[in-house]
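Please read the structure below before turning to the comments.
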Number of protein chains: 2
Amino acid sequence: MDNKITEKLVERYERVQFAVHKKAQLLMRGEIGEELTTEQHATLRHIKHFGPSTSTQLAEAFLVKKSAITAIINRLIDKKMITRRRDQNDRRVIYLSLTDYGEEIYKQCEDKIHALVGSFITQFEPKEIELFLNTFEKLEKILDKQILDMSEGAEK
Amino acid sequence: MDNKITEKLVERYERVQFAVHKKAQLLMRGEIGEELTTEQHATLRHIKHFGPSTSTQLAEAFLVKKSAITAIINRLIDKKMITRRRDQNDRRVIYLSLTDYGEEIYKQCEDKIHALVGSFITQFEPKEIELFLNTFEKLEKILDKQILDMSEGAEK
DNA sequence: GTCATATAGTTAAACAAGTGAACTATTAAA
DNA sequence: TTTAATAGTTCACTTGTTTAACTATATGAC
């Protein structure tokens with residue numbers, strides 16, 4: 001009984017998550033003139049959201065090693081979308097910021113995503129959206145706690 | 001007004017999707033004795049679900065090129081989780097099936113996932129789960145149609 | 001029946017993302 | 001001041017991906 005629902009949930013979640021991911025990938029590809037990978041977009045998003053950030057902060061946010069961030073950052077710098085700036089108080093630290101071009105590309109991506117999601121929203125009842133948001137908020141809290149617990153051992 | 005909701009939806013969805021993905025990754029890593037990547041797990045899942053499959057079918061299901069499937073398959077064969085079997089009617093075709101070992105590892109993964117999701121379920125109202133399922137079903141249909149439209153040009 | 005074409009799958013080169021370990025600087029602490 | 005810790009990079013290796021060239025088999029036009 002309960003097993004059936006679990007299975008259904010997993011299956012349906014996986015299919016939607018796959019479809020959303022693919023859709024987002026297609027959105028980031030080509031249409032804007034610049035190709036952005038999922039990770040590159042997430043990096044721009046983090047910096048836009050939290051302001052100038054360090055590799056360490058990005059690594060913690062994405063739950064990957066710092067060397068992985070270095071690689072992504074190098075590619076974004078090649079694309080002239082972000083810049084490095086050394087902290088003068090602590091000269092080990094490097095702050096990463098968006099260039100004007102980075103801001104521009106990021107904005108174009110956001111517009112695309114928002115337009116897409118906006119078109120979805122019209123097909124749902126306000127009540128459905130409300131409940132969706134609440135469920136996800138709850139889910140997020142549960143997951144965050146669990147992931148923190150699990151990755152604590154693996155963290156450096 | 002509507003803009004605000006779109007933004008919230010995107011943000012919340014992205015955070016949950018990230019958390020779920022990381023959580024699943026951690027689940028597949030080590031705990032079972034065998035490491036499975038997301039793609040390897042999805043491949044086992046597809047074969048388990050649809051029975052002996054071809055590279056072409058997997059490539060279509062995952063929306064990647066066939067050469068990407070070849071690489072994943074080779075690694076799963078190295079791990080002795082699947083086998084190739086030539087079709088005798090059409091000798092171009094190769095069917096991929098799970099080995100007993102593959103079945104065993106896959107089952108262990110599923111059990112882990114179901115246990116996890118089962119533990120989530122208890123924290124939600126039946127009504128919430130019902131609506132969640134319905135919303136996702138609706139979302140899936142919308143996305144499937146859109147992705148089909150978008151990738152039609154890109155398909156080979 | 002034979003020749004052109006389509007289909008199934010592999011291979012190889014190149015790129016993006018990731019890990020792990022060794023490394024350079026710089027700062028903090030004993 | 002010598003030792004620790006921290007921030008970041010580099011390098012070798014793995015996985016997943018695309019593109020393009022390739023092999024082998026099947027289909028179809030004539």
Side-chain angles (χ1 to χ4, degrees), chain A residues 18 21-22 24-26 28-30 34-44 46 52-79 81-96 151 153-156, chain B residues 18 21-22 24-26 28-30 34-44 46 52-79 81-96 151 153-156:
Chain A
F18 171 78
H21 183 246
K22 274 295 163 182
Q25 261 189 354
L26 289 170
M28 299 302 155
R29 292 250 176 99
E34 272 278 6
E35 303 250 325
L36 275 188
T37 66
T38 310
E39 289 74 16
Q40 288 168 8
H41 178 252
T43 304
L44 297 185
H46 186 279
S53 313
T54 66
S55 292
T56 304
Q57 284 165 354
L58 285 163
E60 276 166 9
F62 296 173
L63 297 180
V64 298
K65 299 285 173 291
K66 284 187 286 188
S67 50
I69 300 296
T70 301
I72 295 172
I73 295 301
N74 282 336
R75 287 177 206 115
L76 283 170
I77 287 179
D78 285 349
K79 291 184 170 187
M81 293 187 192
I82 67 177
T83 50
R84 286 193 172 91
R85 201 189 68 244
R86 202 120 223 165
D87 183 353
Q88 290 308 313
N89 291 50
D90 184 342
R91 294 190 47 74
R92 289 170 302 182
V93 177
I94 292 173
Y95 283 106
L96 303 159
S151 63
E155 259 176 51
K156 213 180 179 168
Chain B
F18 172 78
H21 184 246
K22 274 294 163 182
Q25 261 189 354
L26 289 169
M28 300 302 156
R29 290 250 177 100
E34 272 278 6
E35 304 249 326
L36 275 188
T37 66
T38 310
E39 287 76 15
Q40 288 168 6
H41 178 252
T43 304
L44 297 184
H46 186 278
S53 312
T54 66
S55 292
T56 303
Q57 284 164 356
L58 285 163
E60 276 167 7
F62 296 173
L63 296 181
V64 297
K65 297 287 173 291
K66 283 187 286 187
S67 49
I69 299 296
T70 301
I72 294 172
I73 294 302
N74 282 336
R75 289 179 204 114
L76 283 171
I77 287 178
D78 286 349
K79 292 184 170 185
M81 292 187 191
I82 66 176
T83 51
R84 285 194 172 92
R85 202 190 68 246
R86 203 120 225 163
D87 182 354
Q88 290 310 312
N89 290 50
D90 184 340
R91 294 190 45 75
R92 289 170 303 181
V93 177
I94 292 174
Y95 282 106
L96 303 159
S151 64
E155 260 177 49
K156 212 179 177 167

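Quick note: numbers below take in every heavy atom, side chains included, and nothing from hydrogens, waters or symmetry partners. In what follows, every chain begins at residue 1, and chains take the letters A, B, ... in the order their sequences are listed.
- Note: CG (B/L63) to C1' (D/dG16) measures 15 Å, nearest angstrom.
- With sequence neighbours left out, A/R84 forms a side chain to side chain donor-acceptor pair (under 3.5 Å) with A/N74.
- A close approach under 4.0 Å does occur between a side-chain nitrogen or oxygen of A/R75 and OP1 or OP2 of C/dA17.
- Residues satisfying the salt bridge (Lys or Arg N to Asp or Glu O under 4.0 Å) test with A/D87, not counting sequence neighbours, are none.
- The heavy-atom pair separating B/L96 from B/T54 by the smallest distance is CD1-C, 4.3 Å.
- When distances run from any side-chain atom of A/A68 to the nucleotides C/dT19, C/dT27, D/dT18, the shortest one goes to C/dT19.
- One atom, CE of B/M28, and another, P of D/dT15, lie 17 Å apart when rounded to the nearest Å.
- The CD1-P distance, from A/I72 to D/dT9, rounds to 12 Å in whole Å.
- Classified by its glycosidic torsion, D/dA4 falls in the syn category, the angle being within 90° of 0.
- B/Q25 has its CD atom 14 Å from the C1' atom of D/dT14, to the nearest Å.
- OP1 or OP2 of C/dA17 has at least one side-chain nitrogen or oxygen of A/Q40 nearer than 4.0 Å.
- Distance, A/D87 CG to D/dG8 C1': 13 Å, rounded to whole Å.
- The interatomic distance linking B/L36 (CG) with D/dT15 (C1') rounds to 13 Å, in whole Å.
- Judged as a side chain to side chain donor-acceptor pair (under 3.5 Å), and not counting sequence neighbours, A/R85 has no contacts.
- Where A/E39 and B/A71 meet DNA chain C, the nucleotide closest to each residue was compared, and B/A71 sits on the side nearer the 5' end.
- Between B/H46 and B/F62, the shortest heavy-atom distance links the atoms CB-CZ, 4.2 Å.
- Of the two residues near DNA chain C, A/N89 and A/I69, the one whose nearest nucleotide lies more 5' is A/I69.
- One atom, NZ of A/K65, and another, C1' of D/dT14, lie 15 Å apart when rounded to the nearest Å.
- Not a single side chain to side chain donor-acceptor pair (under 3.5 Å) links B/K66 to another residue, sequence neighbours left out.
- Of the nucleotides present, none pairs with D/dA4 by Watson-Crick or G-U wobble criteria with both distances under 3.5 Å.
- Residues satisfying the side chain to side chain donor-acceptor pair (under 3.5 Å) criterion with A/Q57, sequence neighbours excluded, are absent altogether.
- Look at CG on B/L76: it is 17 Å from P on D/dT14, rounded to the nearest Å.
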Contact state string [nucleotides 2-9 of chain C, B base, S sugar-phosphate only, - no protein heavy atom under 4.0 Å]: ----BBBB
